[in-house]
Amino acid sequence: MSERIDVLDDDSTSGDGMDEFAFEDDESGNPGRSQLPIPARRALTTLLTKRFITRARNRSAWEALLTFETEIRERLADMYLLLIVDKDYEVAFKRQDPADDAPRLLRRDKPLHRDASLLLIHLRKEHTYTDATDDPVMITRAQVAEFLRPFREDGDGDEAKFERRVEAAIRAVADLKLLTPDQDADYLFTVSPAVVPLIGADEVMRMERYFSQAAAEAGVPDESGHEETGEDLA
């Protein structure tokens with residue numbers, strides 16, 4: 001999976017005591033004073049503390065990012081990070097500079113287990129078939145179970161054990177912020193549009209090979225193919 005740093009979910013943006021460009025105690029002659037306007041500083045901070053931001057869930061940060069994209073991109077570059085902005089899916093996130101001599105700021109995620117990996121590529125493929133402006137893509141717990149059921153291992157006839165595997169797969173993808181449970185129906189989940197741009201071409205190809213291998217082992221017809229994607233974000 002992609003790299004990340006710890007995720008903070010505090011989106012508070014209180015502006016009390018601040019003008020448009022600086023904190024109250026900033027002085028124009030202070031050499032340590034930021035030259036970024038407050039909205040840009042907040043957008044930069046949000047990018048650093050979250051796996052990704054979206055227009056739907058981080059409206060103020062998204063709008064500030066579009067306004068100050070060049071400045072924010074330069075600040076991230078100073079930290080050997082690349083800014084990825086997908087305006088179709090309205091998602092933005094950071095990547096580690098791939099240069100061999102670039103210091104690594106982001107740590108690698110722990111590898112996903114088998115069921116979560118299968119579910120993630122399934123969700124990405126499902127979302128790829130929709131337009132970015134369409135209604136949110138939804139999936140139910142029963143649909144996840146139906147997808148994973150053919151991949152049960154030989155001799156795995158314990159239904160309770162299988163249900164726990166389904167729950168574990170859902171939880172793992174939800175921890176990546178790519179599945180969000182519905183507040184009114186615990187069996188229903190929204191698939192984040194970030195799943196498309198966030199999973200890069202190399203990652204898709206790797207997971208497609210894994211998908212095909214698992215399908216062959218389970219005797220499932222392989223309809224995955226090897227889709228072409230845009231920019232490599234891995």
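Heavy atoms only: backbone and side chains are in, while hydrogens, waters and symmetry mates are out.
Note: the hydrophobic cluster containing Val173 also contains Phe162 (ILVMFWY, side chain heavy atoms under 4.5 Å, direct or indirect links). When the side chains of ILVMFWY residues are joined at heavy-atom separations under 4.5 Å, either directly or via intervening members, Tyr187 and Met138 end up in a single hydrophobic cluster. Hydrophobic clustering places Leu83 together with Leu48 (ILVMFWY residues linked when any side-chain heavy atoms are closer than 4.5 Å, directly or through intermediates).
In this structure, the separation between CZ on Arg141 and CD on Glu146 is 15.0 Å, given to the nearest 0.5 Å. Separating the CG atom in Leu118 from the CG atom in Leu148 is a distance of 6.5 Å, to the nearest 0.5 Å. Asp115 contributes atom CG, which lies 12.5 Å from atom CZ of Arg164 (distance to the nearest 0.5 angstrom). Here the CD atom belonging to Glu71 is positioned 11.0 Å from the CZ atom belonging to Arg73, to the nearest 0.5 angstrom.
Proximity of Arg57 to Trp62: side-chain heavy atoms (C-beta onward) are nowhere separated by under 4.5 Å. His113 places none of its side-chain heavy atoms less than 4.5 Å from the side chain of Arg165. At a threshold of 4.5 Å between non-hydrogen side-chain atoms, the residues Leu36 and Phe68 do not count as touching. In this structure the side chain of Leu81 never reaches within 4.5 angstrom of the side chain of Arg95, judged on heavy atoms. Looking at heavy atoms from C-beta onward, Leu198 lies out of side-chain contact with Val91 at the 4.5 angstrom threshold. Using a 4.5 Å cut-off on side-chain heavy atoms (C-beta onward), Phe52 and Pro197 make no contact.
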Might you work through the side chain to side chain contact (heavy atoms under 4.5 Å, CB included) test for Lys87 and Leu66, ending with a clear yes or no?
-> CA-CA 9 Å; Lys87 295 180 181 179; Leu66 296 186; 4.0 Å; yes

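Partner of Leu123 under the side chain to side chain contact (heavy atoms under 4.5 Å, CB included) criterion, chosen from Val137, Val144, Ile139, Leu178: Ile139.
With hydrogens and angles disregarded, no donor-acceptor distance shorter than 3.5 Å links the side chain of Arg42 to the backbone of Ser60. Side-chain atoms of Asp86 come within 3.5 Å of backbone N or O of Tyr89 as a donor-acceptor pair. Not one N or O on the side chain of Arg51 forms a donor-acceptor pair closer than 3.5 Å with the backbone of Phe93. A side-chain donor-acceptor contact under 3.5 Å links Lys94 to the backbone of Leu47. No donor-acceptor pair closer than 3.5 Å links the side chain of Lys50 to the backbone N or O of Thr45.
The aromatic rings of His122 and Phe147 sit parallel, their planes meeting at an angle under 30°, below the 60° perpendicular limit.
Remark: Arg149 pairs with Glu159 by the salt bridge (charged side-chain N to carboxylate O under 4.0 Å, His left out) rule, at least two apart or across chains.
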